[in-house]
K.L.:
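Dropping a structure here in structure tokens format, bear with me for questions.
Values below: all heavy atoms of this structure, side chains included; hydrogens, waters and symmetry mates excluded.
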Amino acid sequence: MAGRFAPRPARTTVRGGHVVVPAGVPRQAAAPGRVRTWVPEGPLDLGLVLGPLRRGPGDPTFRATPDGSIWRASRTPLGPGTLRVSMHGGTVRGQAWGPGAEWLLEQLPELLGAADDPSAFEPRHRLLALTRHRRPGLRLTRTGLVLESLIPSILEQKVTTVEAYAAWRTLVRTYGEPAPGPVPVRMYVMPTPRAWALIPSWEWHRAGVDDKRASTVLRAVRVAARLEEAVRMPPEAARERLEVVSGIGPWTSAETVQRSHGAPDAVTVGDLHLPGIVGFALAGDRHADDAEMLRLLEPYAGQRHRAARLILLSGRVPPRRAPRMPRGDIGRF
């Protein structure tokens, strides 16, 4: 389950979708690229907004650098591109390289939550009101890209985040292509749909991906164009289209449209931990199931995903009472 726990000061957090972006450390200026500046309305926290797009601290498509910038390598409709986002004095500066540079810069405001409306959220619990007050820069990102969120979400089905992040890292580095531009460290753009489809079965196995998840990815990339069309649909209609693909259920479709569409109401059901976290935060019930979680989130209809994000960022999670789920490694067999 990616993007959940409350942030820790010295690393990328796993839960809550927050990347710690250090500031004040100078670095050499990047080589010139296409540039766009944008002034957001209201406060904006780059780490909070873009954090859910990072699939673990070693994600080869995402880097947060000491100068406060965030770098992303994406496969856009126009081809691969690299985007560097920084913020100074309330002004966002986007710099992009590669065939997809213009597309990335055009999408920059939506990527940073320009299409999101935080004022639509009315907190009904003190915990959520305090968290929103402490995190005024939270916006819901909208990438406008389906497959780049769908494939890692499939890899995260029913395994630990460590296993899923390792599989994503291995497959992207092996079958992706180097990100264009003067990236701070070696970064990669995720593989094309054809490249995903041509990965041999034994390489999925070596990456720690079982046949069920690998087959789901293969079914998805065969209809990649149709799935990417879903970005122009309302979130619920997009989820219905995604779930037509065997192996993609409500958990995976919600995790995808939260990022591709910035869907404020796409609450994740079928998760191992989220119902207990929401139940504990709102009612002191660490044993809540999906039905109880949805009941507790009813007052936030239309904004249930935002409510869940705020709960996760609040840090109010039930104390652990059992060992962590053991990590499997099918690549050893």
K.L.:
Any carboxylate oxygen within less than 4.0 angstrom of a Lys/Arg side-chain nitrogen, looking at Glu298 and Arg295?
P.N.:
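No.
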K.L.:
To the nearest 0.5 Å, what is the distance between CH2 on Trp38 and CE on Met87?
P.N.:
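Here the rounded value is 8.0 Å.
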K.L.:
Please check if the side chain of Ser69 supplies one atom and the backbone of Thr65 the other of a donor-acceptor pair under 3.5 Å.
P.N.:
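Not a single qualifying donor-acceptor pair exists.
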K.L.:
How long is the straight-line distance from CZ of Arg139 back to CG of Leu44, given to the nearest 0.5 Å?
P.N.:
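So the gap between those two atoms works out to 6.5 Å.
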K.L.:
Spell out, as yes or no, whether a donor-acceptor pair under 3.5 Å connects the side chain of Glu292 to the backbone of Pro275.
P.N.:
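Between the backbone of Pro275 and the side chain of Glu292 there is no qualifying donor-acceptor contact (under 3.5 Å).
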K.L.:
If you look at every heavy atom in Arg239 and Ser253, which pair is closest and at what distance?
P.N.:
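So the minimum-distance heavy-atom pair works out to NE-OG, 2.9 Å.
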K.L.:
If you round to the nearest 0.5 Å, how far is OG of Ser314 from NE2 of His125?
P.N.:
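OG of Ser314 is found 12.0 Å from NE2 of His125.
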K.L.:
Would you check if the side chain of Thr141 reaches a backbone N or O of Arg259 as a donor-acceptor pair within less than 3.5 Å?
P.N.:
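The answer is no, because no donor-acceptor pair under 3.5 Å joins these two groups.
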K.L.:
One pair to check against side-chain contact (heavy atoms from CB on, under 4.5 Å): Val35 and Arg93. What are the steps and the verdict?
P.N.:
CA-CA 7 Å; Val35 176; Arg93 185 173 189 267; 3.6 Å; yes
K.L.:
Can you tell me how far the CG atom of Asp289 sits from the CG atom of Leu294, to the nearest 0.5 Å?
P.N.:
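Separation between the atoms: 9.0 Å.
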K.L.:
Counting heavy atoms not belonging to Glu243, are there more than 12 under 6.0 Å from its CD?
P.N.:
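Yes, the 6.0 Å shell around CD holds more than 12 heavy atoms from other groups.
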K.L.:
Knowing that exactly one of Val317, Thr131, Leu274 qualifies, which makes a side chain to side chain contact (heavy atoms under 4.5 Å, CB included) with Leu312?
P.N.:
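The residue from Val317, Thr131, Leu274 that satisfies side chain to side chain contact (heavy atoms under 4.5 Å, CB included) with Leu312 turns out to be Leu274.
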K.L.:
Could you please spell out the steps behind the side-chain contact (heavy atoms from CB on, under 4.5 Å) verdict for Leu227 and Arg241?
P.N.:
CA-CA 7 Å; Leu227 297 184; Arg241 175 168 291 194; 4.2 Å; yes
K.L.:
Are Arg55 and Phe62 in a cation-pi contact, defined as NZ or CZ under 6.0 Å from the six-membered ring centre and within 45° of the axis?
P.N.:
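No, Arg55 and Phe62 do not form such a contact.
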K.L.:
Say whether, by atom type as modelled, one donor and one acceptor occur between the side chain of Glu110 and the main chain of Gln107 under 3.5 angstrom.
P.N.:
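Side chain of Glu110 to backbone of Gln107, a donor-acceptor pair under 3.5 Å: no, none is there.
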K.L.:
Should Val146 and Leu242 count as side-chain neighbours, where that means a heavy-atom distance under 4.5 Å?
P.N.:
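When only atoms from C-beta onward are counted, Leu242 and Val146 do touch, with a gap below 4.5 Å.
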K.L.:
Assess whether side-chain contact (heavy atoms from CB on, under 4.5 Å) is satisfied between Arg213 and Val159, documenting all intermediate values.
P.N.:
CA-CA 10 Å; Arg213 288 179 292 149; Val159 295; 3.7 Å; yes
K.L.:
Quick check: closest heavy atoms across Leu145 and Ser74, and the distance to 0.1 Å?
P.N.:
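Leu145 and Ser74 have their closest heavy atoms at CD1-CB, 4.1 Å.
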K.L.:
Going by heavy atoms in the side chains, are Tyr165 and Asp59 under 4.5 Å from each other?
P.N.:
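Tyr165 does not reach Asp59 side chain to side chain.
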K.L.:
Take Glu228 and Leu147 through the test side-chain contact (heavy atoms from CB on, under 4.5 Å) and record every step on the way to the result.
P.N.:
CA-CA 7 Å; Glu228 290 292 357; Leu147 235 60; 3.2 Å; yes
K.L.:
Check this for me, if you would: do Lys158 and Asp210 make a salt bridge, where the nitrogen-to-carboxylate-oxygen distance has to be below 4.0 angstrom?
P.N.:
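Answer for the salt bridge query: no.
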K.L.:
Would you check if Ile248 and Thr256 make a side-chain contact, meaning some heavy-atom pair closer than 4.5 Å?
P.N.:
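Heavy-atom side-chain distance check fails, nothing below 4.5 Å.
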K.L.:
For a quick test of reading the model, state the closest non-hydrogen atom pair linking His261 to Ala230 and the distance between them.
P.N.:
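Looking at all heavy atoms of both residues, the closest pair is NE2-O, 2.9 Å.
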K.L.:
Any side-chain to backbone donor/acceptor pair from Asp285 onto Gly279? Under 3.5 Å, distance only.
P.N.:
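No, the answer is negative, given that no donor and acceptor are paired below the 3.5 Å cut-off.
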K.L.:
Does Val267 reach the side chain of Met293, with side-chain heavy atoms less than 4.5 Å apart?
P.N.:
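Yes, close enough: below the 4.5 Å cut-off.
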K.L.:
For the residue pair Trp168 and Pro152, what are the closest heavy atoms and their distance?
P.N.:
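The answer is CZ3-CD, 3.7 Å.
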K.L.:
Find out whether Leu282 and Leu128 are in side-chain contact, i.e. whether some heavy atom of one side chain is under 4.5 Å from a heavy atom of the other.
P.N.:
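Leu282 vs Leu128: side chains touch.
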K.L.:
Are Met233 and Val231 connected in the hydrophobic side-chain network, where two residues link if heavy atoms are under 4.5 Å apart?
P.N.:
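No, Met233 and Val231 fall in different hydrophobic clusters.
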K.L.:
If you look at every heavy atom in Arg309 and Pro52, which pair is closest and at what distance?
P.N.:
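What the structure gives for the nearest pair is NH1-CG, 3.5 Å.
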K.L.:
Using the rule that two of Ile, Leu, Val, Met, Phe, Trp, Tyr join whenever any of their side-chain heavy atoms come within less than 4.5 Å, decide whether Val189 and Trp103 are in one cluster.
P.N.:
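Different clusters.
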K.L.:
Give me the atom names and distance for the closest heavy-atom approach of Leu46 to Ile70.
P.N.:
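Nearest heavy atoms, Leu46 then Ile70: O-CD1, 3.8 Å.
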K.L.:
Would a distance-only check, ignoring hydrogens and angles, find a side-chain to backbone donor-acceptor pair under 3.5 Å from Arg75 to Met190?
P.N.:
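Yes: the side chain of Arg75 pairs with the backbone of Met190.
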K.L.:
Examine distances only and state if a side-chain atom of Thr252 and a backbone atom of Ile154 form a donor-acceptor pair shorter than 3.5 Å.
P.N.:
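Not a single qualifying donor-acceptor pair exists.
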K.L.:
Between Leu218 and Arg222, is there a side-chain heavy-atom distance shorter than 4.5 Å?
P.N.:
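Side chain of Arg222 against side chain of Leu218, heavy atoms only: contact under 4.5 Å found.
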K.L.:
Give a yes or no answer on whether the side chain of Arg219 reaches the backbone of Ser246 with a donor-acceptor pair at less than 3.5 Å.
P.N.:
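Yes, Arg219 side chain to Ser246 backbone: donor-acceptor pair under 3.5 Å.
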K.L.:
Would the distance check show the side chain of Arg84 and the main-chain N or O of Gln95 forming a donor-acceptor pair, the cut-off being under 3.5 Å?
P.N.:
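No.
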K.L.:
Determine whether a donor-acceptor pair (N or O, by modelled atom type, separation under 3.5 Å) exists between the side chain of Asp265 and the backbone of Arg304.
P.N.:
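Yes; judged by distance alone, with no hydrogens or angles, the pair exists.
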K.L.:
Could you give the distance from CG (Leu105) to OG1 (Thr76), rounded to the nearest 0.5 Å?
P.N.:
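Interatomic distance, Leu105 CG to Thr76 OG1, rounded to 0.5 Å: 10.5 Å.
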K.L.:
OG1/Thr143 to CG/Leu50 distance, rounded to the nearest 0.5 angstrom?
P.N.:
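These two atoms lie 10.5 Å from each other.
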K.L.:
Flag the pair Tyr300 / Phe121 as yes when at least one side-chain heavy-atom distance between them is below 4.5 Å, and no otherwise.
P.N.:
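In contact.
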K.L.:
Please tell me whether Leu127 and Phe280 are part of a single hydrophobic cluster in this structure, the criterion being side-chain heavy atoms less than 4.5 Å apart.
P.N.:
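No; Phe280 is not reachable from Leu127 via cluster members.
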K.L.:
With the threshold set at 4.0 Å, does a side-chain nitrogen-carboxylate oxygen contact exist between Glu148 and Arg72?
P.N.:
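Salt bridge: yes.
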K.L.:
With no hydrogens and no angle check, do the side chains of Thr268 and Glu255 hold a donor and an acceptor under 3.5 Å apart?
P.N.:
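Their side chains do contain a donor-acceptor pair, which is all the 3.5 Å distance test asks for.
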K.L.:
Only one of Ile151, Leu150, Ile199, Val209 clears side chain to side chain contact (heavy atoms under 4.5 Å, CB included) with Val217; which?
P.N.:
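The single option meeting the side chain to side chain contact (heavy atoms under 4.5 Å, CB included) with Val217 is Ile151.
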K.L.:
Side-chain contact test, heavy atoms from C-beta onward, threshold under 4.5 Å: evaluate it for Ser149 versus Gln258 and give yes or no.
P.N.:
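Heavy-atom side-chain distance check fails, nothing below 4.5 Å.
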